Amino acid sequence: MASRDRGGPRPSVLSGLSHVALAVWALLIVLPLLWTFLASFKNNTEIFGDPLQLPGALRLDSWGRAWGKAHIGQYMLNTVIVVFFGTAGTMLFGSMAAYVLGRYRFVGNKLIYYYFVAGLAFPVFLALGPLFFVVKQVGLLNSHIG
């Protein structure tokens, strides 16, 4: 009787290395966020004295100042509004373009597709400088639409 292969594919070295790389990447993302969160409970002496030390006491006064004086609540609301409509618009127009490019064949179909792919090759932050000046010249600076 032939032996059957039990389970799925065997893990390879590349699979293990990819898991290690993802774990390192996750730590590089999570640790600064954790450090910033813990620093929000420190006073100025603790922050500038030893920034890696845990807070001496649980202080919420900086959170109150951020909410009251710095208007962090308004900034959070602005972020939610901009992200929601930006994501919805991107999904709407992107899905319409993907449907037309995937479903219909016409002259320039591949060219438009390659323009989309080329746009993905450039980091988003390269467009932020020129985009800022365009929004400023149009008069939409400091608005949700801009």
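No experiment lies behind these values; they were computed from the predicted model shown.
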Q) Nearest 0.5 Å, what's the OG-CD1 distance between Ser62 and Ile47? A) 7.5 Å
Q) Residues sharing Val107's hydrophobic cluster, by side-chain heavy-atom contacts under 4.5 Å among ILVMFWY, directly or via others? A) none
Q. Should Val124 and Val82 be regarded as members of a common hydrophobic cluster, given that ILVMFWY residues are connected when their side-chain heavy atoms come within less than 4.5 Å of each other, either directly or indirectly?
A. no
Q) Would you call the rings of Phe41 and Trp63 parallel, tilted or perpendicular if under 30° counts as parallel and over 60° as perpendicular? A) parallel
**Q.** Verdict with reasoning, Glu46 to Arg59, per side chain to side chain contact (heavy atoms under 4.5 Å, CB included)
**A.** CA-CA 12 Å; Glu46 289 177 330; Arg59 296 180 196 86; 2.8 Å; yes
Q.
Could you measure the distance from the CG atom of Asn78 to the CG atom of Asn142? Nearest 0.5 Å is fine.
A. 10.0 Å
Q. Taking a hydrophobic cluster as the set of Ile, Leu, Val, Met, Phe, Trp and Tyr residues connected by side-chain heavy atoms closer than 4.5 Å, whether directly or through intermediates, do Phe37 and Leu60 fall within one such cluster?
A. yes
**Q.** Nearest heavy atoms of Phe106 and Val100, plus distance in Å
**A.** CE2-CG1, 3.9 Å
Q.
Tell me the closest heavy-atom pair linking Lys42 and Asp50, and the distance in Å.
A. NZ-O, 3.7 Å
Q. When clusters are formed from ILVMFWY side-chain contacts under 4.5 Å, directly or step by step, what else is grouped with Val135?
A. Leu131, Phe132, Phe133, Val134, Val138, Leu140, Leu141, Ile145
Q. Hey, is the main chain of Tyr104 close enough, under 3.5 Å, to the side chain of Asn109 for a donor-acceptor pair?
A. yes
Q.
If hydrophobic clusters are built by linking Ile, Leu, Val, Met, Phe, Trp and Tyr wherever their side-chain heavy atoms come under 4.5 Å apart, do Phe116 and Phe122 end up in the same one?
A. no
Q: Nearest 0.5 Å please: distance from the CD1 atom of Ile72 over to the CG atom of Leu77.
A: 12.0 Å
Q: Ignoring hydrogens and angles, tell me if any N or O in the side chain of Thr87 forms a donor-acceptor pair with the backbone of Phe84 under 3.5 Å.
A: no
Q) If you take all heavy atoms of Leu27 and Pro32, which pair is closest and at what distance? A) O-CD, 3.9 Å
